[in-house]
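Bear in mind that the values here come from a model prediction, so they are computed numbers and not experimental data.
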Amino acid sequence: MEERQLTDQSKKFIDDLRLYLFSGGKNDQEINEIAEELEDHLVDAELNGKSIQHIVGSSPQEYMTSISNEMANDYKAWAKYVPLIVMGAISFPVLGDVMEGTLSYSILQIIGTILYSIIFMVGVFTTFRYVAKRQLSRVVEFFLLLIPTFISMFFFIGLITADTFYQTPTIEFGMFGSVIIGIILILFVILFSIWAKTAILPVVLIAFHLPTFVLAFTSFSEEVQLITGIIITYLLIGTYLFFEFRRLKRKK
């Protein structure tokens, strides 16, 4: 049966169920089978004038949990997404450093970056499960999914601060190595954005790093550059979120 027969509420519940099961480490094929079976039940129910509660019960959260508990975890297949998330987290600090010159990292920075990536990854999947289970609007989901990005960025700022107080051995990548790493990360950002069908990663990257890079060529004092850079960063992110909000609202 055609998916267009479903109400928006039913379509969103199926999407949320997919997201909840995916973020819980379930197998893609099994997720598709369950989603298709649920879709058939919902179509039949709606054709007979019944609501989604007739199929999933009064508590969508309990329904999702029960389905998840009946499925085996498939971390091997799910792990293919981990490098994508880790690369996305690493791209924030590394691309900024490439713009400033050759890459050079202390052992503390490398270890901290790994922890930063783990925090980002755990935050993303925790948020996935939270928004999927709470049946929130698309707009609220979008803003909540930004939280892991900002939390990991604050952690990284703390890492930079700690690195100034505790000196550890440094690894130099040189000009050639830095350029190669920069090109790889830029290609990753482009391909990831196409795959995910969202521009949030390149927009946030540009918003965080471009103002600092441009202002460095001005005669402004460091304090003025810092304040102006912060203002421009939040204006760019705010502008993007505003238009994305309008797009999601029109789509809804």
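- With a 4.5 Å cut-off on side-chain heavy atoms, His209 and Leu205 count as touching.
- Interatomic distance, Thr168 OG1 to Leu108 CG, rounded to the nearest 0.5 Å: 5.0 Å.
- For the pair Asp15 and Lys11, the salt-bridge criterion is not met [side-chain N within less than 4.0 Å of a carboxylate O].
- A 4.5 Å side-chain heavy-atom check between Leu201 and Phe188 finds at least one atom pair inside the cut-off.
- Atom CZ of Phe155 and atom CD1 of Ile118 lie 9.0 Å apart (nearest 0.5 Å).
- A continuous path of ILVMFWY side-chain contacts below 4.5 Å connects Ile14 to Phe22, so both sit in one hydrophobic cluster.
- Going from atom CG of Leu95 over to atom CD1 of Ile184 covers 11.0 Å, rounded to the nearest 0.5 Å.
- For the side-chain hydrogen bond (donor to acceptor under 3.5 Å, both in side chains) condition, no pair includes a residue of residues 181-190, sequence neighbours left out.
- When every heavy atom of Leu17 is checked against every heavy atom of Tyr63, the shortest pair comes out as CD2-CE2, 4.5 Å.
- Between Ile67 and Tyr20 there is no side-chain heavy-atom pair separated by less than 4.5 Å.
- Between the side chain of Ser68 and the backbone N or O of Met64 there is no donor-acceptor pair closer than 3.5 Å.
- Residue Ile232 is not grouped with residue Leu210 when hydrophobic side chains (ILVMFWY) are merged at heavy-atom distances under 4.5 angstrom, including chains of intermediate members.
- Hydrophobic clustering, with ILVMFWY side chains joined whenever heavy atoms are under 4.5 angstrom apart, groups Ile227 together with Leu235.
- Residues Leu236 and Phe208 have side chains not in contact (no heavy-atom distance under 4.5 Å, counting atoms from C-beta outward).
- A donor-acceptor pair is defined here as one N or O able to donate and one able to accept, closer than 3.5 Å; no such pair exists between the side chain of Thr228 and the backbone of Gln225.
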Please table the atom pairs, donor to acceptor, closer than 3.5 Å between any side-chain atom in residues 157-164 and protein atoms at least two apart or in another chain.
residue, atom, partner, partner atom, Å
Thr161, OG1, Ile157, O, 3.0
Asp163, OD1, Ser106, OG, 2.7
Thr164, OG1, Thr161, O, 2.4

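- A donor-acceptor distance shorter than 3.5 angstrom exists from the side chain of Lys26 to the backbone of Met71, with no hydrogens or angles considered.
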Atom pairs and distances, side-chain donor-acceptor, residues 171-180, under 3.5 Å, sequence neighbours left out:
residue, atom, partner, partner atom, Å
Glu172, OE1, Ser104, OG, 3.3
Glu172, OE2, Ser104, OG, 3.1
Ser178, OG, Leu103, N, 2.6
Ser178, OG, Gly174, O, 2.6

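- Note that CD1 of Ile230 and OG1 of Thr212 are 8.5 Å apart. Values are rounded to the nearest 0.5 Å.
- Of all heavy-atom pairs spanning Arg18 and Asn32, the tightest one is NH1-OD1, 2.5 Å.
- Here the closest non-hydrogen pair linking Thr233 and Ala207 is OG1-O, 2.6 Å.
- To the nearest 0.5 Å, the span separating CD1 on Ile34 from CG on Asn27 amounts to 9.5 Å.
- One hydrophobic cluster, built from ILVMFWY side chains closer than 4.5 Å, holds both Phe192 and Ile190.
- Heavy-atom minimum distance, Ser91 versus Leu185: CA-CD1, 4.1 Å.
- Here the straight-line distance linking atom CD of Glu62 with atom CG of Asn69 works out to 11.5 Å at 0.5 Å rounding.
- Put simply, Ile111 and Tyr105 are part of the same group of oily side chains (I, L, V, M, F, W, Y) that touch within less than 4.5 Å, one to the next.
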